Structure formats: C-alpha cells, structure tokens
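Inspection log for the structure reproduced underneath, given as structure tokens.
All chains are named by letter (A, B, ...) in the order of the sequence lines, taking the proteins before the strands, and each is independently numbered beginning at 1. From a predicted model like this one, the values you see are computed outputs, not experimental measurements.
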Amino acid sequence: MRLSRGFIPTLKETPNEAQIASHRLMLRAGLVRQTSAGIYAWLPLGLRVLRNIERLVREEQDRAGAQEILMPTIQPADLWRESGRYDDYGAEMLRIKDRHDRDMLYGPTNEEMVTDLFRQAVKSYKELPQILYHIQWKFRDEVRPRFGVMRGREFLMKDAYSFDLDHAGAVSSYRKMMLAYMRTFQRMGLKAIPMEADTGPIGGDLSHEFIILAPTGESQVYYDAAFEEIDYLSAGAGGFSHERPEDLERFFKEMTTHYAATDEKHDLGRWEQVAAKREGRGIEVGHIFYFGTKYTKSMNATVAGPDGKPLHPEMGSYGIGVSRLVGAVIEASHDDNGIIWPDSIAPFKAAILNLKVGDAACDAMCEQLYAAFDGNALYDDRTDRAGAKFADADLMGHPWQIVVGPRGAAAGKVELKRRATGERVEVSVEEALKLCGAA
RNA sequence: CGGGGUGUGGCGCAGCCUGGUAGCGCGCCUGUUUUGGGUACAGGAGGUCGUGGGUUCGAGUCCCGCCGCCCCGACCA
C-alpha cells in the first residue's frame with residue numbers, strides 16, 4: 001500500500017476519550033475509529049491486523065481438528081428459551097424484534113445455535129467426536145464498555161464447541177483446544193498463562209482462562225516461571241502433538257500442576273511452595289469450558305449409542321477474543337513512540353520510507369523494494385519531511401523500516417531499522433530484503 | 001446500575017466565575033522556504049459552541065430537562 005493513497009488517518013495528538021495505551025495507539029495509528037460506545041469501525045491498518053490474528057487462530061484450530069463453520073449473528077429467541085438462558089442472560093443480551101414481531105437477539109455466544117445444528121445433523125455415536133468453530137461478531141451490551149477494543153460491546157470472537165460421546169472424550173477435546181490456544185498465543189509473540197477459572201453463566205465444572213502478560217493488564221497474576229520455559233510449538237522430543245493421547249496427558253499435567261492464579265484466587269500457602277515465582281499484570285484473552293450435557297440435555301440433542309439407545313453427548317466451548325487481542329498485543333508490546341508489532345500479526349512486514357520523493361535514485365530504489373514485498377509493505381511516498389515519516393513509522397509499528405535517503409541511495413545503500421530493538425544497519429537493497437524475509 | 005467528570009472547526013485546548021457578534025496550538029489548502037527525527041514565513045478554508053427549553057434588549061457564558069462520551073466501582077471474551 002502506498003501511504004499517499006492509503007486511508008490511514010494518523011493523529012499527532014491523543015483523542016481525549018482514549019485513556020489506556022492500546023486505545024490511544026489504535027486511534028493515533030489509524031487502526032480504528034469509534035462509532036459509539038464500545039463499537040468500532042476497523043480501518044485498513046487495523047483490519048489487516050485483525051485478519052492476521054484470525055488467520056493464526058484458524059490455522060491452530062484446524063490443526064487441532066476443529067472444523068470451521070459460520071453461524072449468523074442474529075438468532076431466534078426460541079432456541080434460548082429451550083436452554084432456559086433467554087431469561088437468565090439479562091440485559092447484556094441485545095434483544096430485537098423482526099417485522100413480524102418475533103423475538104430475535106444479536107448473539108452474545110452460540111451454544112444454543114450450535115447444539116441445534118448438531119442435533120439436526122448428527123445421529124450416531126460413530127460420528128463423534130466433533131469440534132466446530134466459527135469466527136464471528138458478538139454483541140454483549142456491557143454496562144460500561146471501556147479500554148477501546150479490549151472491552152467493546154461488539155467484538156470478534158472465535159468460539160469452538162466440542163461434542164463427545166463421554167466424559168473421557170470431552171476431556172480429550174478440552175485438552176486439544178488448550179494446546180491449540182497455547183500454540184496460538186505463542187505464535188502471536190505472547191506469553192500466555194492458563195489459569196483455573198469459574199464457569200460463570202456458561203455452566204460446567206472445568207474451566208480455564210488464558211491470561212497474557214502485559215504491564216498495563218487489569219489483574220495481578222502470580223505464576224510459576226516454569227510456564228515461560230515451555231515451547232508449545234516444538235514438534236520434536238518434549239513437544240506436544242494433538243494426535244498423541246500421551247502428549248495431551250503430559251501437556252495437561254504441565255498446565256495444571258504449575259502454580260498460576262489471579263489475585264482473587266491467589267493462595268499464599270501454595271505460592272510459598274513455588275520455587276521460581278513470577279508475578280505481573282495480565283489480560284484475559286481466552287476462556288474454555290467443559291460443561292458436559294448441560295445443553296444437550298436441555299435442548300434434547302441425542303445420538304444413538306452402541307446399544308442403539310439415545311445418548312446425550314458431552315460438550316465444551318472454547319473462546320478467544322480476536323478483536324480484544326489486537327488491543328492486548330499492543331498493551332504487551334509498545335513503547336513511547338508507538339506500537340511494536342510481532343512479525344506474525346503485523347499489518348505490513350515493513351515500511352519503506354522515501355526521504356526524498358522526486359529524487360530519481362530514491363524513487364527507483366523504493367519502487368524496487370516495494371515491488372519485492374508484493375503488497376506486504378507500506379510505502380511512505382508522501383512528500384512530508386523525514387521526521388514525520390520516522391514518527392509515523394514508529395507509531396504504526398511495522399517490524400522493519402527501510403529508510404531510503406539520497407545520501408545512501410547514491411551509494412546503493414538503504415538503512416534497515418528493526419522497530420523492536422531500534423537497531424539499524426546500512427545494507428544493499430538485496431540484503432535488506434533478505435533480512436526482512438521478503439526475498 | 002451507584003459515584004465522579006466532560007461536551008467549543010479534524011485533534012488538543014482557552015473563553016463561562018463577572019452575559020455584549022468565537023480564540024489559540026496542531027492538522028488541512030496555496031505560495032515561498034527547508035530537506036535524515038513532526039522546518040520557517042506569509043496568505044487561506046473550516047465552528048448549528050452536544051441538544052431542547054427558559055431568563056434577558058442580548059446567552060458559548062446564567063437556570064432547568066435530555067443526550068453523548070470518559071473515569072472509579074459492581075459485572076465481563
């Protein structure tokens with residue numbers, strides 16, 4: 001994208017309504033604009049990040065054996081009457097009526113709908129297990145939306161639902177999802193800690209929430225440093241495969257034996273036993289639940305068992321706050337000058353800064369670089385001053401900045417800057433492309 | 001939903017106490033200038049002062065209602 005043509009409205013000053021770092025930076029870097037309390041429009045730069053996060057989430061869901069579907073945002077109230085949650089959910093659920101005066105709602109979650117789909121289609125235990133997920137907008141009419149996209153009313157969530165024949169199967173699905181989550185967060189450059197959680201309105205008796213570490217997080221967290229040593233992505237010895245039950249067993253044991261708790265659940269007695277203590281601030285970005293037959297029973301979803309008799313499958317549900325993650329990553333990774341995107345979700349791999357638009361050597365070099373990135377670079381071809389370009393590039397947080405100025409261009413060199421470290425090297429165009437991983 | 005705050009060109013703010021035709025910085029447009037960390041100068045465009053009502057000869061300013069937004073708390077992916 002050429003910045004001179006891009007719809008990337010950056011701001012020098014922080015709008016008054018934004019108080020926390022990620023919200024300020026998202027507005028200043030032109031990622032989003034607020035349209036009403038807790039509801040945001042995603043602009044090109046922000047949308048690219050959102051899509052990148054979706055892609056990572058999707059890849060890891062698929063790897064864990066989940067199948068992607070897409071359920072609607074609008075649901076009929078009747079489904080929720082079946083489960084009994086239509087009355088339980090309260091004012092947080094946005095209730096609407098269609099033109100025929102039928103009660104509808106904007107889905108805050110999808111247990112009822114997916115259970116309905118399942119019971120219509122799946123008739124035999126032989127078809128189990130199934131894990132279905134979708135990435136769809138949700139609406140929860142929060143009393144007090146805040147922190148930008150971290151606590152919006154409308155938000156993008158990945159929610160998965162597992163159906164298993166029995167408790168053992170459900171636990172296995174639960175563990176697969178947990179592994180998928182740890183892999184997902186690691187790939188996004190985040191340190192995530194799984195913590196035992198209450199099940200809340202979803203119901204059930206096994207639940208974990210995933211907290212990522214960020215200095216500005218909402219809650220204080222205490223955990224065993226052992227979590228920081230684990231590599232969830234490794235395929236070799238000591239790695240974890242979704243396919244091998246023994247791996248899942250070992251993985252789950254790792255996740256549940258090391259100490260981890262938020263301040264509300266902090267147990268000083270157990271904490272004292274932890275050899276390598278770590279504490280910090282955290283943001284919840286995912287939550288998983290096992291709740292057995294809560295919905296299959298209330299909504300009468302059955303499959304025929306081996307003996308031909310109907311059985312209620314055991315369910316779990318698994319959520320990742322996709323749009324929240326955009327804010328959470330920024331909270332975890334920024335400095336005074338702006339955002340520092342992890343490579344895996346950055347909107348662009350690199351920014352190409354042409355310090356002297358109109359200079360034949362600079363223009364040619366920039367065009368060559370821009371073409372080589374094949375759309376994955378933001379080319380700052382504006383006629384602004386160098387300082388403005390440096391400031392905007394830092395603000396937007398591209399992992400690499402390739403600075404092309406008349407001084408270096410004459411010698412066939414560009415300056416390559418790594419946003420995260422500030423490190424700069426003077427290299428040829430070819431070397432720059434190689435170092436950025438574009439060539 | 002309880003408590004607090006705030007609303008004035010795109011963004012940040014002053015003006016309100018003590019009513020008299022709306023101002024500053026940034027941004028934007030034009031020109032000159034500058035050219036490796038938000039250059040300087042000159043000219044210019046842009047505002048129903050959130051909204052409805054009231055008081056007054058006259059309301060951004062005073063009074064009442066409503067709405068939006070933000071912060072703290074209770075609640076949450």
Side-chain angles (χ1 to χ4, degrees), chain A residues 9-20 23-24 27-28 30 33-39 53 57 89-93 107-110 135-160 181 197-202 207-212 218-219 262 264 283-289 317-328 336-338 353-359 362 380 382-395 401-410 413-415 417 422 424 426:
Chain A
T10 59
L11 299 171
K12 258 171 108 163
E13 285 171 282
T14 304
N16 174 251
E17 76 260 20
Q19 296 300 320
I20 62 158
H23 192 194
R24 286 201 303 265
L27 291 172
R28 286 195 51 213
R33 285 289 115 103
Q34 183 171 134
T35 63
S36 60
I39 304 181
I53 292 175
V57 167
Y89 219 92
E92 224 175 71
M93 184 152 75
T109 178
N110 286 66
I135 300 174
Q136 178 64 289
W137 292 92
K138 305 290 187 291
F139 195 92
R140 294 183 190 172
D141 201 356
E142 298 279 347
V143 190
R144 189 186 157 210
R146 59 183 127 172
F147 306 142
V149 299
M150 298 236 286
R151 176 100 180 265
R153 292 193 291 171
E154 186 183 58
F155 57 96
L156 188 61
M157 179 164 98
K158 185 285 301 179
D159 39 326
Y181 276 36
D198 293 325
T199 52
I202 307 267
S207 178
H208 283 87
E209 56 187 26
F210 297 80
I211 307 276
I212 63 150
E218 290 180 72
S219 46
T262 56
E264 324 61 274
I283 301 168
E284 183 184 350
V285 292
H287 204 153
I288 62 178
F289 306 85
S317 73
Y318 314 90
I320 290 182
V322 174
S323 49
R324 170 180 281 191
L325 271 166
V326 179
D336 290 343
N337 295 325
L353 311 190
N354 188 340
L355 298 193
K356 189 160 190 178
V357 173
D359 177 274
C362 289
D380 193 343
R382 298 174 301 178
T383 52
D384 292 286
R385 306 209 59 194
K389 299 191 180 196
F390 290 132
D392 273 347
D394 283 348
L395 175 62
Q401 292 171 20
I402 305 175
V403 182
V404 180
R407 210 169 63 198
K413 297 280 186 184
V414 299
E415 185 183 278
K417 176 182 160 186
R424 304 152 192 253
E426 195 141 306

*Indicate, with yes or no, if the rings of His287(A) and Phe289(A) have centres closer together than 6.0 Å.*
yes

*Less than 3.5 Å between a donor and an acceptor, one on the side chain of Arg151(A) and one on the base of C76(B), is that the case here?*
yes

*So which nucleotide from G37(B), A77(B), G73(B) ends up closest to the side chain of Arg146(A)?*
G73(B)

*Separation of Tyr181(A) atom OH from A77(B) atom C1', in whole Å?*
9 Å

*Heavy atoms under 4.0 Å is the rule here; annotate nucleotides 1-13 of chain B 5' to 3' with B where the base is hit, S where only the sugar-phosphate is, and - elsewhere.*
B---------BSS

*If you look at every strand shown and take non-hydrogen atoms under 4.0 Å, does Arg424(A) touch a base, only sugar-phosphate, or nothing?*
base

*Have a look at Ala391(A) and say if it touches a base, only the backbone sugar-phosphate, or nothing, with a 4.0 Å heavy-atom cut-off.*
base

_Categorize Ala386(A) for me: base, sugar-phosphate, or nothing, with a 4.0 angstrom heavy-atom threshold over every strand shown._
sugar-phosphate

*Could you check Ile320(A) against Leu325(A) for side-chain contact (heavy atoms from CB on, under 4.5 Å), going step by step and ending with a plain yes or no?*
CA-CA 8 Å; Ile320(A) 290 182; Leu325(A) 271 166; 3.5 Å; yes

*Are the side chain of Lys389(A) and the backbone N or O of Asp380(A) linked by a donor-acceptor pair below 3.5 Å?*
yes

*How far does the P atom of C17(B) sit from the matching atom of C76(B), given to the nearest Å?*
46 Å

_Spacing of Asp359(A) atom CG relative to U35(B) atom C1', expressed in whole Å_ = 11 Å

*asked:* Using modelled atom types and a 3.5 Å cut-off, is there a donor and acceptor pairing between side-chain atoms of Arg324(A) and backbone atoms of Glu284(A)?
replied: yes

*Ignoring hydrogens and angles, tell me if any N or O in the side chain of Thr10(A) forms a donor-acceptor pair with the backbone of Arg28(A) under 3.5 Å.*
no

*Describe the nucleic acid contact of Gly319(A) in one word from base, sugar-phosphate, nothing, applying a heavy-atom distance below 4.0 Å.*
nothing

*Minimal non-hydrogen separation, Gly319(A) against Tyr181(A), with atom names*: N-OH, 2.9 Å

*Between atom CD1 in Ile283(A) and atom C1' in C76(B), what is the gap in whole Å?*
14 Å

*State whether Gln34(A) places a side-chain N or O below 4.0 Å from either non-bridging phosphate oxygen (OP1 or OP2) of C70(B).*
yes

*Give the intermediate values and the outcome of side-chain hydrogen bond (donor to acceptor under 3.5 Å, both in side chains) for residues Asn110(A) and Gln136(A).*
CA-CA 10 Å; Asn110(A) 286 66; Gln136(A) 178 64 289; over 6 Å; no

*Taking the same atom, C1', in G23(B) and in C49(B), what whole-Å distance lies between them?*
12 Å

*Which pair of non-hydrogen atoms, one from Gly405(A) and one from Cys362(A), has the smallest distance, and what is that distance?*
C-SG, 3.5 Å

*asked:* Would you measure the distance from the C1' atom in A45(B) across to the matching atom in G68(B) and give it in whole Å?
replied: 28 Å

_Under 4.0 Å, heavy atoms only, any strand: does Val322(A) hit a base, just the sugar-phosphate, or nothing?_
nothing

*Base, sugar-phosphate alone, or nothing: which one does Gly152(A) contact when heavy atoms must sit under 4.0 Å apart?*
base

*May I ask you to say what Asp394(A) touches in the nucleic acid, namely base, sugar-phosphate or nothing, with a heavy-atom cut-off under 4.0 Å?*
base

Between the protein and nucleotides 41-44 of chain B, list the N/O to N/O atom pairs that are separated by less than 3.5 angstrom.
none

For residues 143-151 of chain A, which side-chain N or O atoms pair as donor and acceptor with protein atoms under 3.5 Å away, sequence neighbours left out?
residue	atom	partner	partner atom	Å
Arg151(A)	NE	Glu142(A)	OE1	3.1
Arg151(A)	NH2	Glu142(A)	OE1	2.8

*Between Lys356(A) and Asp392(A), just flag the one whose closest nucleotide in RNA chain B comes earlier from the 5' side.*
Lys356(A)

*Please lay out, stage by stage, how Phe155(A) and Val322(A) fare under the test side-chain contact (heavy atoms from CB on, under 4.5 Å).*
CA-CA 8 Å; Phe155(A) 57 96; Val322(A) 174; over 6 Å; no

*Over how many whole Å does the gap from Phe390(A) atom CZ to U39(B) atom P extend?*
13 Å

_Nearest-Å distance for atom pair CG/C1', residues Asp336(A) and G38(B)_ = 16 Å

*Can a side chain N or O of Arg385(A) be found less than 4.0 Å away from OP1 or OP2 on U39(B)?*
yes

*What integer number of Å spans the P atoms of U35(B) and A40(B)?*
14 Å

_Selection from C70(B), A77(B), G37(B) that lies nearest to any side-chain heavy atom of Arg324(A)_ = A77(B)

*Between U51(B) and U34(B) - P atom distance, rounded Å*: 46 Å

*asked:* Applying the 5.5 Å / 30° rule, does Phe155(A) stack onto the base of A77(B)?
replied: yes

*Rounding to a whole Å, what distance do you find between Tyr89(A):OH and C75(B):P?*
16 Å

*What integer number of Å spans the C1' atoms of C13(B) and U30(B)?*
27 Å

*With a 4.0 Å cut-off on heavy atoms, is Glu415(A) in touch with a base, just the backbone sugar-phosphate, or nothing at all?*
base

*How long is the line joining CG of Asn354(A) and P of U35(B), in whole Å?*
17 Å

*When rounded to the nearest Å, what value does the distance between P atoms of A14(B) and U6(B) take?*
10 Å

*Got a donor-acceptor contact below 3.5 angstrom from the Lys158(A) side chain to the Tyr318(A) backbone?*
yes

*Between C1' of C29(B) and CG of Asp384(A), the distance in whole Å*: 14 Å

*Can you tell me, in whole Å, how much space there is between the P of G15(B) and that of G9(B)?*
15 Å

